[in-house]
Amino acid sequence: MFFQVFLRNFVTVKCVTMNKALIIDYLNHPNPIDLFEKAKQIKSETVGNKVYLRGLIEYSNRCAKDCYYCGIRASNKKVLRYQMNDQAVLEAVEYAYHKGFGSVVLQSGERQSQEFTQNIEALLKKIMTLTNNEIGITLSLGEQSEDTYRRWHDAGAKRYLLRIETSNKALYEKLHPKNHNYGARLKSLQTLKKLNFQVGTGVMIGLPYQTLEHLAEDLHFFQDMDVDMVGMGPYIEHADTPLYETVGARHASPLQIENRFDLTLKMIALLRILMPTINIAATTALQTLDPFGREKAIEIGSNVIMPNLTPLKYRENYFLYDGKTVVRDTFDDTVTDLEARLARVGAEIGYNLQGDSLHFKMKSA
Ligand code: 5AD
C-alpha cells in the first residue's frame, strides 16, 4: 500500500527522484509487484515494447587489467589469449547487418597502445564502409585517452560502454589492485560525454562487501552522471580469481547468489522508473542465472539485448565468470527463438533500427 501511494504520486513528476531509504525498502522487499507494474507501465509509455539488438563481438580477451573478480584478468594464466582478425569481425558485422540488427558492440579486454588504437580505428572504417554507414557501432574497450576516444568517434563509433563496476570508491578499491584508479574511470566517462558519445555505464550486483545502500547509490550515480544507457548484471563467481579464492561463493554480504537475480530485476525496474528514457540492457549474466532471465528483464524495464556473435572458437576463451552461456545453436536459430521468447512477454524486435537512446536524443534536440 505504502509503495502504491508513493508510486502514484511521483510518476507524474518529470524529474523523478527517490531517496536512498525508499530504494533500499524496495530492494529488501521479497516481491514488490507494484514496483514491477509501475516500471512496466512507464516502459510502455516511454521506450515502448521494441527491443533493440546489439550483436556482441568479443574482439579480444587480452587484458592489461587485473580486476579481482574477472575471469580474463591479466594474471589468469589458464586463459588462452586471442584477438579476432579483421576478416572474422567483418563477417560477424555482415551477419548482423543482413539480419537487421541495428548495431554491433565491439568489446575486449582493456589495452592502451598506439597499435590498438590504430587497429580499432582502421576496423571501424571498414565496418562503416561494409554497412554503408548504416550500422550503429558501440565500443566497450575500456579506459583510453581523450585522443583515442576522439579518433574512434571520428571513425564512426558513436556509443561507448564503460561500467563503473561500483560507484562506491572504497568498494571499488577493495575489488581492484592498487594501480586501478576509480578517479581515472570516472574521468573516462566524463571525457566520453564531452566528446558527445552516447554513454553507457553499469555495475555488478551482489559483489562481496556490497550492501543495498551501495546499490541505491549506484542508481543515484546513474542519474547524476545523466547516462544514456545502463547494463548491469549479477556478479557471478569465477573460480580462477582472487576474489573467489579469498571470499568464496558464500561471502559475508546479504547479497547471496540466490538473491542476485531478483535483486537485479528490482534494480532494473527502479532504474526504468528513475530514468524512463534511457536504454537498459538485459545482460547475459542474467541469462546465466535463469534461462528466461533476459526476457524477465525485458518485461519489467530493459529494452536492449546483446546476442553474442563471437565465433564459437573464440567464445570459449571469453569467460568473465563461471557458467557463462555458450550458445551452440546457429545464429538463425537463436534469433527465431528470441522472437518467440520476446513475444511471450509482449515485446518485439526492432529490426533495422539503431535504437538510439531516447534520453540522448532528447538532450541533443
Ligand atoms: N561476474 C559478473 N560480471 C562480470 N564482469 C567481469 N567479471 C564478472 C563476474 N565475475 C563484467 C564487468 C565488466 C563486464 C565486461 O563484465 O562488469 O565490465
Side-chain angles (χ1 to χ4, degrees), residues 54 56-76 78-79 105-111 138-144 159-168 171-172 174-177 180 182 184-186 188-189 192 199-210 214-215 218 221-222 227 229-249 251 253 255-257 259-261 263-264 267 280-290 293-294 297 304 306 308 310 315 317-325:
R54 321 299 191 204
L56 176 64
I57 302 168
E58 292 155 336
Y59 175 64
S60 171
N61 63 359
R62 294 190 195 145
C63 192
K65 289 258 171 135
D66 227 0
C67 310
Y68 293 152
Y69 46 81
C70 183
I72 63 164
R73 62 197 302 272
S75 302
N76 187 358
K78 292 192 189 162
V79 177
V105 179
L106 212 55
Q107 185 177 82
S108 87
E110 286 195 35
R111 252 184 300 158
T138 306
L139 297 180
S140 179
L141 308 171
E143 292 164 39
Q144 302 289 343
R159 304 167 178 172
Y160 207 99
L161 301 174
L162 183 71
R163 284 188 177 181
I164 191 74
E165 313 297 357
T166 169
S167 66
N168 184 283
L171 179 57
Y172 185 93
K174 266 187 134 93
L175 302 170
H176 299 90
H180 293 33
Y182 177 84
R185 205 152 180 91
L186 205 57
S188 284
L189 283 171
L192 289 162
V199 177
T201 191
V203 294
M204 284 172 285
I205 296 170
L207 288 159
Y209 320 111
Q210 194 178 40
H214 292 143
L215 293 175
D218 289 337
F221 172 84
F222 301 148
V227 292
M229 322 180 276
V230 169
M232 50 187 174
Y235 162 66
I236 301 172
E237 288 79 5
H238 188 295
D240 300 319
T241 58
L243 197 62
Y244 182 79
E245 281 157 19
T246 53
V247 185
H251 52 74
S253 140
L255 314 182
Q256 295 297 343
I257 186 86
N259 300 330
R260 284 181 219 156
F261 182 80
L263 211 45
T264 304
M267 285 286 284
I280 306 179
T283 54
T284 317
L286 263 177
Q287 196 190 5
T288 303
L289 294 188
D290 178 327
R294 292 189 310 190
V304 166
M306 297 160 65
N308 197 335
T310 313
R315 234 185 264 191
N317 298 309
Y318 206 86
F319 276 120
L320 305 171
Y321 44 82
D322 286 338
K324 186 166 167 241
T325 324

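In listed order, ligands and their atoms are each counted from 1.
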Identify, for [atom], the protein heavy atom at the shortest distance, and state residue, atom and that distance.
atom                    : result
atom 9 (C) of ligand 1  : Ile236 O, 3.4 Å
atom 4 (C) of ligand 1  : Met204 SD, 3.4 Å
atom 7 (N) of ligand 1  : Tyr69 CD1, 3.4 Å
atom 16 (O) of ligand 1 : Leu320 CD1, 3.3 Å

Check your understanding: Considering Arg163, Lys65, Glu110, which one's heavy-atom position lies nearest to atom 14 (C) of ligand 1?
Key ->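 It is Arg163 whose heavy atom sits nearest to atom 14 (C) of ligand 1.
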
Exercise for review: Determine, considering heavy atoms only, which of Ala285, Cys67, Pro234 sits nearest to atom 2 (C) of ligand 1.
Suggested key: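 Going through Ala285, Cys67, Pro234 one by one, Pro234 has the nearest heavy atom to atom 2 (C) of ligand 1.
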
Check your understanding: Got more than 12 heavy atoms from elsewhere within 6.0 Å of NZ, Lys65?
Key ->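 Correct, the count exceeds 12.
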
**Study point:** OH (Tyr69) with more than 12 external heavy atoms under 6.0 Å
**Key:**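 More than 12 within 6.0 Å, yes.
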
Practice item. Look at ligand 1 and say whether His238 reaches it with a heavy atom at a distance under 4.0 Å. Key: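 No, His238 has no heavy atoms under 4.0 Å from ligand 1.
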
Check your understanding: Under 3.5 Å, N or O to N or O, is Gln107 touching ligand 1 that way?
Key ->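 Looking only at distances, the answer is no, because the N/O contact criterion of under 3.5 Å is not met.
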
Practice item. For ligand 1, find out whether one of its N or O atoms is nearer than 3.5 Å to an N or O atom of Glu165. Key: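 Yes, there is a polar N/O contact under 3.5 Å.
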
Check your understanding: Counting from 1, what ligand 1 atoms have a heavy atom of Tyr235 closer than 4.0 Å?
Key ->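 Going through ligand 1 atom by atom, the ones under 4.0 Å from Tyr235 are 1 (N), 2 (C), 9 (C), 10 (N).
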
Point to revise | Heavy-atom side-chain contact between Asn76 and His238 under 4.5 Å | key: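 SC-SC contact between Asn76 and His238 confirmed.
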
Review point. Roughly how far, to the nearest 0.5 Å, is OG1 of Thr201 from CE of Met232?
Key: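 The OG1 atom of Thr201 is 11.0 Å from CE of Met232, to the nearest 0.5 Å.
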
Point to revise | Donor-acceptor pair between Tyr235 and Gln210 side chains, under 3.5 angstrom | key: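 Note: Tyr235 and Gln210 side chains miss the donor-acceptor criterion.
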
Check your understanding: Does a donor on one side chain sit under 3.5 Å from an acceptor on the other, for Asn168 and Thr166?
Key ->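 No, no side-chain donor-acceptor contact under 3.5 Å.
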
Point to revise | Given Arg185, Arg62, Arg73, the one that forms salt bridge (Lys or Arg N to Asp or Glu O under 4.0 Å) with Glu110 | key: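 Of all the options given, the one that passes is Arg185.
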
